[in-house]
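Since we're looking at a predicted model, the values are computed, not measured. Any value given below was found using the heavy atoms of this structure, including those in side chains, with hydrogens, waters and symmetry copies removed. First the proteins, then the strands, lettered A, B, ... as listed; each starts at 1.
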Amino acid sequence: MVTAAATASKTRRPATGAAAPADAVLAWYDRHRRALPWRARPGERPDPYRVWLSEIMLQQTTVTAVRPYFERFLTRFATVEELAAAPAEAVMQAWAGLGYYSRARNLHACARAVAARPGGRFPEDEAELLALPGIGPYTAAAIAAIAFNRVAAPVDGNVERVITRFYAIEEALPAAKPAIRARTAALVPPPRPGDFAQAMMDLGATICTPKRPACALCPLTGPCAARRSGLQETFPRKAPKREGALRHGAAFVCVRADGAVLLRTRPPRGLLGGMAEVPGSDWTSSPNPAAWAAAPLAARWRRLPGIVRHVFTHFPLELAVARAEVAQGTPVPAGCRWAPAASLGGEALPNLMRKVLAHAGVEVRPVDG
DNA sequence: CAATCGTGGGC
DNA sequence: TGCCCAAGATT
């Protein structure tokens, strides 16, 4: 190592130059890369559809959570063309439970945009990728690098952690993002941008972890600035975040004689946009007795004991639940529909609503894919 | 820039 | 248990 660095310094590359960390990371990656369903094996050409689909699903979502959804999507929508041709409801249903539902809507729009392109192929250029729905700075760089081996530097949470530690960047997130991006871009090895991007993510996910990083196993442990001072766990610095206030509401589970349940579809934008829900009140900052007036129809409502708690990213929610049984001929309230018991599993029900139904004793059987 | 937008898992 | 976090994008 020392010899190589010394030699390099005489060929106009300083010993502490840009290539050294990338070489170390790539050598580590060649031995320790994770095998993932969407990742090409060494020597294989990556499939842009798989890369894109996985990158969208992995936004703010763990590998463990994504894996089954990714497999299911590939089965149901084997190509971009198939995904583009599918009805929106099918896409939302396949996404239900994964969270951040605007991703599903943008995924569908992006598939249609790509399918409409010449040859139905993804653009290879980072700037063109960035223009597609649901593809932001990170994902554009990730697809360009991983699917097409373009020189690009995707910066996700893993990379932010590795880089802020390696350079001991004191500036707090999110203000430090431009500096982190510049530092990362300067490290990208032109021959292997895709491997470098994935290597940095693997490093952050398995070695340079948020808590108790395994510095002894890290290929960058020597030159890592944070490690030298023993402060690795204190990076990245983060601006304090404020927590959302508790909200309250009421939900109404209305079961028809044949077991059908009264549902409606939420507005396409905003929280749980486009997803199915049981009728309910607004969610307010204090418990509101008037919430019970939001019942979708007149019936013998029984308030169920207990409460459904749910935590969104920016606020916690407590939902009181009422249940009623109604006759077979009960008319459908405006904006609602009867969902047959057997097809509840085929509804785009977010987990909050699955909790509510479970609380009310309604079973949601998974419908075969 | 700051808010909004889900869910599950780990410690 | 409560808090932090996870391959961010959009407005």
With heavy atoms under 4.0 Å as the rule, sort [X] into base, sugar-phosphate or nothing.
X: A:T61; result: base
X: A:V66; result: nothing
X: A:G270; result: sugar-phosphate
X: A:P137; result: sugar-phosphate
X: A:R34; result: base
X: A:L272; result: sugar-phosphate
X: A:G204; result: nothing
X: A:W52; result: nothing

Starting at the 5' end of DNA chain C and moving along, which residue's nearest nucleotide shows up first, A:R39 or A:L132?
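Per heavy-atom nearest nucleotide, the more 5' residue is A:R39.
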Let me know, please, whether A:T209 or A:T139 comes out on the 5' side of the other along DNA chain C by nearest nucleotide.
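The 5'-side residue here is A:T209.
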Sticking with atom P, work out how far B:dC5 lies from C:dA6, rounded to a whole angstrom.
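One P to the other, the span is 22 Å.
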When you compare C:dA7 with B:dA3, how far apart are their P atoms, in angstrom units rounded to a whole number?
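C:dA7 and B:dA3 have their P atoms separated by 24 Å.
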Do [X]'s NZ or CZ and the ring of [Y] fall within the cation-pi criteria of under 6.0 Å and 45°?
X: A:R266; Y: A:W283; value: yes
X: A:R256; Y: A:W338; value: yes
X: A:R67; Y: A:Y69; value: no
X: A:R150; Y: A:F148; value: no

Separation of [X] atom [atom1] from [N] atom [atom2], in whole Å?
X: A:L349; N: B:dG6; atom1: CG; atom2: C1'; value: 14 Å
X: A:N106; N: B:dC5; atom1: CG; atom2: P; value: 14 Å
X: A:M92; N: B:dC5; atom1: CE; atom2: C1'; value: 12 Å
X: A:Y101; N: B:dG6; atom1: OH; atom2: P; value: 7 Å
X: A:L173; N: B:dC1; atom1: CG; atom2: C1'; value: 14 Å
X: A:L317; N: B:dT7; atom1: CG; atom2: P; value: 11 Å
X: A:W95; N: B:dG6; atom1: CH2; atom2: C1'; value: 11 Å
X: A:M275; N: B:dG6; atom1: CE; atom2: C1'; value: 10 Å

Does the A:E82 side chain pair with the main chain of A:A78, one donor and one acceptor, at a distance under 3.5 Å?
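Flag set: sc A:E82 to bb A:A78 pair under 3.5 Å.
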Using a heavy-atom cut-off of 4.0 Å to chain A, what are the terminal contacting nucleotides of DNA chain C, in 5' to 3' order?
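On DNA chain C, the outermost contacted nucleotides are C:dC5 to C:dT10.
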Are A:H314 and B:dA3 close enough that a side-chain N or O sits under 4.0 Å from OP1 or OP2?
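False: A:H314 side-chain N/O out of range (4.0 Å or more) of B:dA3 OP1/OP2.
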Less than 4.0 angstrom between a side-chain N/O of A:H310 and OP1 or OP2 of B:dG6, yes or no?
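Indeed not, no polar side-chain atom of A:H310 lies that close.
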Does a side-chain heavy-atom distance below 4.5 Å link A:L74 with A:Y49?
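A side-chain contact under 4.5 Å exists here.
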Taking side chain as C-beta onward, heavy atoms only, is A:P333 less than 4.5 Å from A:L262?
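In short, these two side chains touch, coming nearer than 4.5 Å.
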Report, as yes or no, whether the 6.0 Å neighbourhood of atom CG on A:D125 holds more than 12 heavy atoms from other residues, nucleotides or ligands.
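Correct, the count exceeds 12.
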For the ring pair A:F70 and A:W38, is the centre-to-centre distance below 6.0 Å?
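Close enough - the centres of the two rings lie under 6.0 Å apart.
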Using ring centroids (six-membered ring only for Trp), state whether A:F312 and A:F315 fall under 6.0 Å.
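Centroid distance A:F315-A:F312: below 6.0 Å, so yes.
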Judged by each residue's nearest nucleotide on DNA chain B, which is more toward the 5′ side, A:L352 or A:P174?
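The residue whose closest nucleotide sits nearer the 5' end is A:P174.
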Going by the rule salt bridge (charged side-chain N to carboxylate O under 4.0 Å, His left out), which residues pair with A:R117 if we only count those two or more places apart in sequence or in a different chain?
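Expected list: A:E128.
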Report each atom pair, protein N/O against N/O of nucleotides 9-11 of chain B, whose distance is under 3.5 angstrom.
none

